[in-house]
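Only one structure is covered here, and it is reproduced in the block below.
In this text the structure is predicted, and so the values were computed from the model without any measurement. Quick note: residue numbers are just sequence positions, from 1. Counting starts at 1 for both ligands and their atoms, following the listed order.
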Amino acid sequence: MAKTVETKELTEVSEAQIAVHWKEEEYYQPSEKFKAQAYLRDPRIFDRFGLDRFPDCFKEYADMLTWFEPYRTVLDTSDAPFWKWFVGGKINACYNCVDRHLDKYKSKAAFIFVPEPEKEPDVVIKYQELYSRVNELAALLRGLGLKAGDRVTFHMPMVPELPITMLACARLGIIHSQVFGGFSGQACGSRMQDSGSRVLITMDSYWRNGTLVDHKANADIAVRAAKDLGQDVDKVLVWQRYPGKYSAKTPMVSGRDFFVNDLLKDYKGKKVEPVALASEGPLFLMYSSGTTGKPKGAQHSIAGYLSYVTATSKWILDIHPDDIYWCMADIGWITGHSYIVYGPLANAATSVLYEGVPTFPDAGRPWRIAERLGVNIFHTAPTAIRMLRKLGPQEPRTYKYHFKSMTTVGEPIEPEAWRWYYDEVGKREAVITDTWWMTETGGFLGTTVPAIHPMKPGSCGPGAPGIHPVIYDETGAEVPKGSGKAGNICIRNPWPGIMQTIWGDRDRYVKTYFAKYNKKPKSKDWRDWPFMCGDGAVQAADGYYRILGRIDDVINVAGHRLGTKEIESACLTVPEVAEAAVVPVQDEVKGRVPEVYIAVKPGVPHSQDIIDRVVKANEDVIGKIARPKHVYIVPDMPKTRSGKIMRRVLAAISNRRDVGDVTTLANPDVVEQIRAMVQGQAVVATQEALPEDIAKFGEVE
Ligand code: WTA
């Protein structure tokens, strides 16, 4: 075990690599009480999962699942880098999450649904009821002619009907594609088109910040957007937030829209055998932003994915069947898929499912829920931690809950926020695991094993068992640990949770994640295919990684990835806009928020109206989450002589920094004009270094 490091190291800037200014934080040890009860406490696990044992070490993960037919090959690399795990096996994800628990746990709660309005009672769904509801819905979907391999898109809020619908699809082998409920109808429609979904499953309404939102309106927009892109949608299945009652104003479209609760009447008590599916069949798609304007559908497998999230839920989240676990993420993101639905259910967990925003009606809400339900494992993101800290720093003290373990995910967490989480939320009793990973990776990549490693604020820790990270510089040379230098973090080896491909775009998969560091494109040897995660990172002498942020022009807004190009193309839907550039700005609560610069077409007067329509365009095309903090109309974009927009210069201006030397630009004068417009006439820029993701922003073209 690493010893406590007292030294405060300040690293140097190197010309070839990213500068990293960072002081080493001290360690925090897990309590003896936590260690004594943890599933995984033997450090020899890291020998068992050493690279010399790869890939057979992952048989241990497959053994946590129940198989209809055993697999023959652990890892098939014949179509590298399209890895196939546990080939030859037959399995069903729904069976593993529901059916197999009935003997022992049928009367145990799978979900406790907490509606946002505090006066509405909780809804407990026991495993037996989950089984019945999933079966009835699977029978309905089958009755509509849906079958294994078909794609169905969901645009659902945080309600129990969402996991029920996911599991019903999984039971039949239908590939589900849940689009985050807060995304716009248009964003949903373009994802329907990409995945080729003819069926949309949604809900009429849901509670958000005290308002019952008309969500059905988004379904109509989605269907229209999909059709404009060439994808017909035959059916819209509408769940009702209040069964039997329609809670939206938007009318149902006859012949196309159906209430799920009406259709279900014909399927009461029906059972559907879980289909024995090939291990490497796809389980779901999850769309995520990248460098280009088009989101990519990360395709996840049945057996590999499920084994990975099952094992990490058990070993890292340490969920035991008698725990009450609450992950506050939205199921519409990968965190919810892996660590609300599939991982916890495969472990027969009891999960809290909360409909609304954490601060509704006040910043004590999460702690009231935790106290009332006896939550002892809590999982959230830095943006929520920062917000709860800002609005109610002492609220946790006033509630009598006790967490044994807490997780943070989605963004780097500042040591300050980490310590509040530890001292106040965790009451210095709970361990914290800072889990670093991404949509594409299915489950955790970098994390401490909470009963084995000490915690270090701001660092995720070493690689998870069986995950072997490496940091490469731009030339492909390994950046040694303790060097204080950062580079691109990659994983040397495949693992069962890794995505299989980008839906419909094999080339993009290879290009995005492997091309940069693969030297032998024909190789079938996994050693030739390190997976490039898309983050900058630095490794301290103790082996812990600190994640610096995306390197691919993705802005991480409150833990959600938004593509620069997606935002810019939304701005360009306003006809007066000639050019648009978006940059990330540091934000106290959300981490990063987008700020937009636009140049209008010749002769168009600058007006507030254009700004308002640019804001609205972002909300309509992407969702409210993409709402820019400011929109500035500039006389011209700062450009290189070859005409490339210098987003880096705009990012410096937006973040109140010095713009540096701009004399080589084609139009250096405009930089000062923009600076004065944003920062004011007086020089207010600080010399303080920018965070790496912002400093490097705009370098990928
Ligand atoms: C960032 C979310 C620092 C990172 C699971 C990554 C993190 C992106 C952490 C993926 C963490 C996630 N520390 N940064 N613990 N976890 N990130 O696909 O930049 O929504 O690449 O998956 O979030 O976001 P995604």
Side-chain angles (χ1 to χ4, degrees), residues 22 178-180 182-183 285-291 295-298 300 308-309 312 316-317 327-340 343 379-386 406-415 417-418 421 432-448 455-464 467 469 486 488-491 497-499 502 512-513 531-539 544-563 584 590-592 625 691-694 696-697 700:
W22 183 255
Q178 153 73 3
V179 178
F180 169 54
F183 270 157
L285 308 179
M286 170 64 65
Y287 281 85
S288 185
S289 299
T291 306
K296 33 193 187 190
H300 282 285
Y308 197 70
V309 298
T312 46
I316 309 295
L317 298 177
C327 173
M328 225 163 53
D330 192 292
I331 295 178
W333 306 106
I334 191 70
T335 302
H337 274 50
S338 300
Y339 298 116
I340 297 179
H379 190 153
T380 193
T383 185
I385 298 169
R386 291 184 210 112
M406 306 192 297
T407 305
T408 163
V409 60
E411 302 159 74
I413 181 164
E414 304 76 5
W418 192 100
Y421 198 33
I432 295 182
T433 48
D434 180 342
T435 59
W436 163 71
W437 58 297
M438 54 219 51
T439 302
E440 294 89 335
T441 72
F444 306 145
L445 292 180
T447 174
T448 49
M455 307 156 239
K456 187 163 78 172
S459 298
C460 63
I467 301 290
N488 296 329
I489 188 162
C490 299
I491 310 299
I498 189 174
M499 69 196 288
I502 293 175
T512 310
Y513 305 104
F531 175 84
M532 189 172 86
C533 301
D535 279 321
V538 61
Q539 189 183 24
Y544 280 31
Y545 295 95
R546 191 164 66 81
I547 304 303
L548 304 171
R550 301 291 310 177
I551 51 168
D552 60 353
D553 279 7
V554 161
I555 306 181
N556 191 336
V557 183
H560 308 313
R561 281 162 66 175
L562 298 181
K590 294 182 176 166
R592 303 283 178 270
I625 190 170
E692 306 313 322
D693 59 317
I694 299 181
K696 294 270 289 180
F697 192 76
V700 182

Discussion item. Is the shortest side-chain heavy-atom distance between Ile467 and Phe444 below 4.5 Å?
Written reply: no
Fill in: Heavy-atom side-chain contact between Thr441 and Phe531 under 4.5 Å
yes
Fill in: Exercise: do Trp436 and Asp535 side chains pair donor with acceptor under 3.5 Å
yes
Worksheet item: Do Trp437 and Tyr339 make the cut of ring centroids closer than 6.0 angstrom?
Response: yes
Check: every ligand 1 N/O to protein N/O pair under 3.5 Å:
unit_1, atom_1, unit_2, atom_2, d
ligand 1, 13 (N), Glu411, O, 3.3
ligand 1, 14 (N), Pro412, N, 3.4
ligand 1, 15 (N), Asp434, OD1, 2.6
ligand 1, 15 (N), Thr435, O, 2.8
ligand 1, 16 (N), Gly410, N, 3.0
ligand 1, 17 (N), Gly410, O, 3.3
ligand 1, 18 (O), Thr439, N, 2.8
ligand 1, 18 (O), Thr439, OG1, 2.5
ligand 1, 18 (O), Arg561, NH1, 2.7
ligand 1, 19 (O), Asp535, OD1, 2.6
ligand 1, 19 (O), Asp535, OD2, 3.3
ligand 1, 21 (O), Asp535, OD1, 3.2
ligand 1, 21 (O), Asp535, OD2, 2.7
ligand 1, 21 (O), Arg550, NH1, 2.7
ligand 1, 22 (O), Thr439, N, 3.4
ligand 1, 23 (O), Gly410, O, 3.1
ligand 1, 23 (O), Asn556, ND2, 3.4

Discussion item. Check the orientation of Phe183 and Trp333. Use parallel for under 30°, tilted for 30 to 60°, and perpendicular for over 60°.
Written reply: perpendicular
Worksheet entry | Partner set under side chain to side chain donor-acceptor pair (under 3.5 Å) for His379, not counting sequence neighbours | Tyr325
